[in-house]
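In what follows, a structure is listed as C-alpha cells, so that the remarks can point back to it.
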Amino acid sequence: MCEQENITQQSEPESSAQGESIGAVVYFSSVSENTLRFVQNCDFPSNNVNVYRIPLRPKEPELNVREPYVLIVPTYGGGNIAKAIPMQVRKFLNNRENRSFIRGVISSGNTNFGEAYCAAGDQIAGKCGIPNMYSFELTGTAEDIEKVAQGIPRFLKQLKETEETK
C-alpha cells in the first residue's frame, strides 16, 4: 500500500494584507469578542499583515498557518493558571506545523485574575521558546492598540529581513 504524505493547505486569512505580506497575526476570541475588537482596532492589513482567527467552535474547519506570525490570545481560567490557555489555542498549537511558525505572543487578561493575569502569554512563550511581547487588559486602551498596531508590523518586518539574509 502506498503511503500518502499528510500535507495541509494554508488557510485563507480572515483579512489579507493590503500589499505584500510581511507576516501574520493569529488570534483567538471568545463569544465576548474582546480580542476580535482589539485586533480590528489595530488594522493590521493596512500594514501588510495577514490576520487569521483560530476557530471558536469544533465543527469549524481547522486553521493552518504557514507563515511567521504573532499570536494574540486571551487568558482564560478565572485565575486558575492551569486553565489559562483556551482549549482552541492549545489544539492549534498542538499542530507541529502551526507551532513552527509562531514568533511571538501577546496576551490579554483581567487584573481580577491576580497572579494569573495574562498567564496564557507567559505559558505559551515558555513552551514555544518565543518572546512574550506585550499584555493588555480586556479590550485594551488606545495606547495598547497603538503600541501593538505599530509594534507587530515593525517586529515582523525585522524578522523577514533577518530571515532573508540567512
Side-chain angles (χ1 to χ4, degrees), residues 11 13-15 22-47 49-65 67-159:
S11 299
E14 175 182 74
S15 301
I22 58 171
V25 162
V26 173
Y27 75 97
F28 176 74
S29 190
S30 67
V31 293
S32 73
E33 298 197 334
N34 287 337
T35 311
L36 169 67
R37 285 191 291 282
F38 182 85
V39 168
Q40 287 174 335
N41 286 331
C42 289
D43 190 24
F44 293 113
S46 70
N47 285 303
V49 176
N50 287 325
V51 177
Y52 298 86
R53 183 176 184 168
I54 296 173
L56 177 61
R57 301 197 183 354
K59 293 186 187 236
E60 294 178 71
E62 186 175 315
L63 179 65
N64 297 298
V65 179
E67 62 179 315
Y69 67 87
V70 173
L71 177 65
I72 300 179
V73 60
T75 298
Y76 274 24
N80 181 344
I81 292 176
K83 295 181 179 181
I85 301 172
M87 173 187 58
Q88 297 90 331
V89 175
R90 284 185 193 276
K91 180 181 175 191
F92 172 78
L93 291 174
N94 280 338
N95 176 311
R96 187 172 38 119
E97 290 181 87
N98 285 337
R99 195 173 57 252
S100 73
F101 288 95
I102 190 169
R103 300 296 185 266
V105 63
I106 292 174
S107 60
S108 68
N110 188 325
T111 54
N112 291 339
F113 291 176
E115 288 184 20
Y117 173 69
C118 293
D122 292 332
Q123 290 179 12
I124 292 167
K127 288 184 185 222
C128 295
I130 55 165
N132 184 357
M133 300 169 67
Y134 195 77
S135 59
F136 61 94
E137 187 168 15
L138 301 173
T139 57
T141 63
E143 182 181 355
D144 294 328
I145 291 165
E146 183 178 343
K147 285 181 177 180
V148 172
Q150 292 174 2
I152 287 180
R154 186 171 47 247
F155 174 78
L156 291 171
K157 189 178 284 186
Q158 289 171 347
L159 191 67

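FYI, the numbering just counts along the sequence from 1. Below, each value reflects all heavy atoms present in this structure, side chains not excepted, and no hydrogens, waters or symmetry copies.
No donor-acceptor pair under 3.5 Å is formed between the side chain of Glu115 and the backbone N or O of Ile81. With hydrogens and angles disregarded, a donor-acceptor distance shorter than 3.5 Å links the side chain of Ser107 to the backbone of Cys118. Within the 3.5 Å criterion, the main-chain N or O of Ser32 finds a donor-acceptor partner in the side chain of Arg37. Although no hydrogens or angles enter the test, the distance criterion places no donor-acceptor pair under 3.5 Å between the side chain of Glu33 and the main chain of Ser29.
Side-chain contact between Thr141 and Glu146: absent, with no pair of heavy atoms (C-beta onward) separated by less than 4.5 Å. Residues Arg90 and Gln123 meet the side-chain proximity criterion, which asks for heavy atoms closer than 4.5 Å. Residues Glu67 and Asn50 have side chains in contact (heavy-atom distance under 4.5 Å, counting atoms from C-beta outward).
Here the straight-line distance linking atom CG of Asn47 with atom CZ of Arg154 works out to 10.5 Å at 0.5 Å rounding. Rounding to the nearest 0.5 angstrom, the gap separating the CZ atom in Arg99 from the CG atom in Asn94 is 6.5 Å. If you take OG on Ser108 and CZ on Phe28, they are separated by 10.5 Å, rounding to the nearest 0.5 Å. Atom-to-atom distance recorded for Ile106:CD1 and Ile72:CD1 is 5.0 Å, nearest 0.5 angstrom. Taken from CG in Leu138 to OG1 in Thr35, the straight-line distance is 9.5 Å, to the nearest 0.5 Å. To the nearest 0.5 Å, atom CD of residue Gln158 and atom CD1 of residue Ile22 are 10.0 Å apart.
Considering all non-hydrogen atoms of both residues, Leu156 and Pro68 come closest at CD2-O, 4.2 Å. Across all non-hydrogen atoms, the minimal contact from Phe44 to Ala149 is CE2-CA, 4.1 Å. In plain terms, the two heavy atoms of Pro74 and Ala120 that are nearest each other are O-CB, 3.8 Å. Residues Ile145 and Cys42 approach most closely at O-SG, 3.9 Å, considering heavy atoms. A pairwise comparison of heavy atoms in Val65 and Phe101 identifies O-CD1, 3.6 Å as the closest pair.
Looking at Asn64, Val26, Asn98 one by one, the single match for side chain to side chain contact (heavy atoms under 4.5 Å, CB included) with Tyr52 turns out to be Val26.
In this structure Leu93 satisfies the side chain to side chain contact (heavy atoms under 4.5 Å, CB included) test together with Tyr69, Leu71, Val89, Ile102, Ile124, sequence neighbours excluded. Remark: Phe113 pairs with Thr75, Asn110, Ala116 by the side chain to side chain contact (heavy atoms under 4.5 Å, CB included) rule, at least two apart or across chains.
Looking at Glu62 and Asn95, their side chains do bring a donor and an acceptor atom within 3.5 Å of each other. Remark: the Gln88 side chain and the Tyr76 side chain contain no N/O donor-acceptor pair separated by less than 3.5 Å.
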Quick one: side chains of residues 128-137, donor-acceptor pairs under 3.5 Å with protein atoms, not counting sequence neighbours, listed by atom name and distance.
from   : atom 1 : to     : atom 2 : distance (Å)
Asn132 : ND2    : Asp122 : OD1    : 2.7
Tyr134 : OH     : Asp144 : OD1    : 2.5
Glu137 : OE2    : Thr111 : N      : 3.2
Glu137 : OE2    : Thr111 : OG1    : 2.9

> Given the rule in the side chain to side chain contact (heavy atoms under 4.5 Å, CB included) test, do Tyr27 and Val51 qualify, once you have shown the distances and angles that lead to the verdict?
Replying inline: CA-CA 8 Å; Tyr27 75 97; Val51 177; 3.6 Å; yes
